[in-house]
K.L.:
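I have a structure here, written as structure tokens, and I will follow up with some questions on it.
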Number of protein chains: 2
Amino acid sequence: MVGRPGAASAPVTAGTSGVVGANLPALRSHNMALVLDLLRTAGSEGISRLELAERTGLTPQAVSKITARLRADGLAAEAGRRASTGGKPRTVLRLVPEAGHAVGLHLDRDELRAVLVDLTGAVVAEERTSLDLGAGPDAVVAAVAREAGALTGRVAPHCGVPHGWAPGGRGTDALLGIGVALPGPLDHTRGVLHRVTGFPEWDGFPLRDALARRLGVPVVVDKDTNAAALGLAVDGAGGSFAYLYLGTGLGAGLVIGGTVHRGARTGAGEFGHQVVQLDGPPCGCGNRGCVEALCLAAVARGEVDEAARVLGTAAGNLVALLDIDLVLLGGRTVTAAPDAFVSGVAAVLDERARRVGQAAVPVRVASGGVAEGAAQLVLAPLFGRADG
Amino acid sequence: MVGRPGAASAPVTAGTSGVVGANLPALRSHNMALVLDLLRTAGSEGISRLELAERTGLTPQAVSKITARLRADGLAAEAGRRASTGGKPRTVLRLVPEAGHAVGLHLDRDELRAVLVDLTGAVVAEERTSLDLGAGPDAVVAAVAREAGALTGRVAPHCGVPHGWAPGGRGTDALLGIGVALPGPLDHTRGVLHRVTGFPEWDGFPLRDALARRLGVPVVVDKDTNAAALGLAVDGAGGSFAYLYLGTGLGAGLVIGGTVHRGARTGAGEFGHQVVQLDGPPCGCGNRGCVEALCLAAVARGEVDEAARVLGTAAGNLVALLDIDLVLLGGRTVTAAPDAFVSGVAAVLDERARRVGQAAVPVRVASGGVAEGAAQLVLAPLFGRADG
DNA sequence: GCACTTTGGCAACAGCGTTGCGAAAGTGGG
DNA sequence: CCCACTTTCGCAACGCTGTTGCCAAAGTGC
């Protein structure tokens, strides 16, 4: 059960600017999220109270109080103890995975993948079916609701019910919500699709509200690349990184300071149509010399090395512009020839870093599904990773 | 006097991750900064307590308490009242400009400009001399100290002295610190220069500490583009924007969510060497097809429209990648033909926005000096605009 | 001139992290 | 085996935060 007990009287009337005043519940919520995030990062290994205190900058006593509340709420539990260093051994704390669940959905062009994950992000159950976006919003919403329902049948259907503070309230674990990841331009703040290529009946469809009304749980909608990047951010890739996705198209998810950067209109990460060749060959978007067009054309010609070089050039632009720490590559096309792409992109980045006398930015293949990341859209606020 | 009374017991031992736990002093500090920022934005027009409450999301009573402390500290003052709307008229509050000062320095290639600004950012005094970076660190530090000293002679030499809470403590206004802006790669967190083109004796020079030791006040060092962008962010340009500087070189300052994005190594905003023409003409950096090379070459040929088109293409990449709200242009080359650059860049952005069916991103000429922005480096933390 | 509205301060309050202190639970030397 | 020491961690009192209830102040409008 996760009732977010302290969030009750948080200021809801936000100001016109993004920054908002903080009060005691907000303070409590912030610190709780911080501790939960560290517990999550520690994983099954766990983490001691004093370590939490060091990492957060809070007093050991404050950590004791916070973890006591988390234990009373069933979110955390003691899990053995460390070896003594001459005194009382540290008690290890651990996140209770079953304390909450979330559903993540990946709506791809022809396929729907749904996962049920626990608080730690581990996949508990999984569904997979074909999907036809052309069947229109109603049919797709029905299909999505069916898959989600099949997964959520095993956890409490209701959520958001504030269980209060009662100790021992480790009753039913709740479904925190459903995260939906799909391609194409959309508005993540309102959960409204802008356009779905080839299917005008989707224009402006309020997917979030339609699903939330039908399923009775909170729904979060985001671009597939953002969801994937969020999933990678949770899986240890700290700091700032760019996730470059090369499949049928080319896109990017940007993580800056541990949170996904989406921009005001969820437009951030528009990487495929970065122009890297002035007056180059025309692209389907109407522009000329876009990375996507150049890169995919090279792949079609079988010149993977050239594709990697083009991708590396655009990645170099991104790395230089944002001072990114890490580049992660994903997508079907990359998976088909991972070594060629990694070494090809890395070669361009290394050369560029060498010229300015800086350390090269590492390039790796990303591992992690989009649906898993979509589930993290729901879990992120609980761990203080909401927006950026 | 600005003693940051609440900052005394803030957690100093930050964790390894960037996010840190919050306690009551931090809460107080945050809300105080929020109110101060709104007071600053309101300018001479002022703002009422209830308006502050609406904008911050805080209770009117909390705002009353916070503003009472600010008034006791001499940071804010009552300034008349609004027209009544049927009841007691609202009292207007205003930032007291003389409550604190900051010095901003712009070290350009051949010139040093120094300004003394008050809390609102208004320039109180100004100095200007020629500068020779080739004379070496010691000579330059001495020159900088001389100019800074000439400006700071009129305010209290000591700062950071916590005056405590004594009501009526509106004694001497203090010098909060010195902000230094200069070109070239550097580390803003440690205030160390990496390289100054053509002068190897500057390599790794700890400019911040050298100046701080000599002058006895806090010093902040940052790239000129970042300082300029910060100054523009304070001057009303809210949200997220990119400041593109085209002078002897081409650089950018990125403001995302009201704060300057610098990246982990202060490398962010490296805009001049974005590659927009694969295998294009060689650039001084060793790469090929950099915007800076293409753009400046066009300017040298007298083809301002072509230069604007090239700049617009790179700006379009940036806008798409980050979902930026606004593009501001500055620098000598732009000032020489402002209309041509603004319309040329806007044309590219408009065309690109039209294709994806979004509203075009506005393009404007930036107004504001680098030295003024450098002074804001010092003031930013007071108004909650530290880092991003 | 009185009723009403709106502003904003005083006082009591709940809740946050902090400090002081002591119990619990180990290690290690005699 | 026992005792001194170290280290962990909870209980209790505390200071300070924003919040709530209430009332004085200062206007408008009939």
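Labels below follow one simple rule: chain letters A, B, ... track the order of the sequence lines, proteins then strands, and each chain is numbered from 1. Quick caveat, the model's predicted, so the values are computed rather than measured.
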K.L.:
Quick one: L27(B) CG to dG15(C) P, roughly how many Å, whole number?
P.N.:
16 Å
K.L.:
Does R69(A) put a side-chain nitrogen or oxygen below 4.0 Å from OP1 or OP2 of dG15(C)?
P.N.:
no
K.L.:
Rounded to whole Å, please give me the gap between CG in N31(B) and C1' in dC16(D).
P.N.:
13 Å
K.L.:
Choosing from dT19(D), dG17(C), dG10(D), which nucleotide comes nearest the side chain of A62(B)?
P.N.:
dT19(D)
K.L.:
For L58(A) and dC9(D), give me the distance from atom CG to atom C1', rounded to whole Å.
P.N.:
16 Å
K.L.:
Examine dG8(C): is either OP1 or OP2 under 4.0 Å from a nitrogen or oxygen in the side chain of S64(B)? Give yes or no.
P.N.:
no
K.L.:
Restricting to nitrogen or oxygen on both sides, can you table the protein-nucleotides 26-28 of chain C pairs closer than 3.5 Å?
P.N.:
from: dG26(C); atom 1: OP1; to: R81(A); atom 2: NH1; distance (Å): 3.0
from: dG26(C); atom 1: N2; to: G86(A); atom 2: O; distance (Å): 3.1

K.L.:
Quick one: list whatever passes salt bridge (Lys or Arg N to Asp or Glu O under 4.0 Å) with D118(A), sequence neighbours left out.
P.N.:
none
K.L.:
With a 4.5 Å limit on heavy-atom distance, are the side chains of D323(B) and R262(A) in contact?
P.N.:
no
K.L.:
If I take atom CE in residue M32(A) and atom C1' in nucleotide dG15(C), what distance separates them, rounded to the nearest angstrom?
P.N.:
15 Å
K.L.:
With heavy-atom distances below 4.5 Å as the criterion, would you say the side chains of V92(A) and R82(A) are in contact?
P.N.:
yes
K.L.:
How long is the line joining CZ of R82(B) and C1' of dA26(D), in whole Å?
P.N.:
17 Å
K.L.:
What closest approach, in Å, do L382(A) and L36(A) show between heavy atoms, and which atom pair accounts for it?
P.N.:
O-CD1, 3.8 Å
K.L.:
Without decimals, in angstroms, what is the distance between L50(A) CG and dG10(D) P?
P.N.:
10 Å
K.L.:
Measure from CG on L52(A) to C1' on dG17(C) and round the result to the nearest Å.
P.N.:
16 Å
K.L.:
Would you say the side chain of R49(B) lies within less than 4.5 Å of the side chain of T67(B), judging by non-hydrogen atoms?
P.N.:
yes
K.L.:
Measure CD/E78(B) against C1'/dA26(D) and give the value in whole Å, please.
P.N.:
13 Å
K.L.:
For the side chain of T56(B) and the backbone of L58(B), is there at least one donor-acceptor N/O pair under 3.5 Å apart?
P.N.:
yes
K.L.:
Ignoring hydrogens and geometry beyond distance, is the side chain of Q61(A) in donor-acceptor contact with the base of dC11(D) at under 3.5 Å?
P.N.:
yes
K.L.:
On DNA chain D, compare the nucleotides closest to K65(A) and L24(A); which residue's is nearer the 5' end?
P.N.:
K65(A)
K.L.:
Look at all strands and tell whether T91(B) reaches a base, only sugar-phosphate, or nothing, counting heavy atoms closer than 4.0 Å.
P.N.:
sugar-phosphate
K.L.:
Given that I66(B) and R90(A) both sit by DNA chain D, which one's nearest nucleotide is further toward the 5' end?
P.N.:
R90(A)
K.L.:
Do any N or O atoms from the side chain of S48(B) and from the backbone of E51(B) form a donor-acceptor pair under 3.5 angstrom?
P.N.:
yes
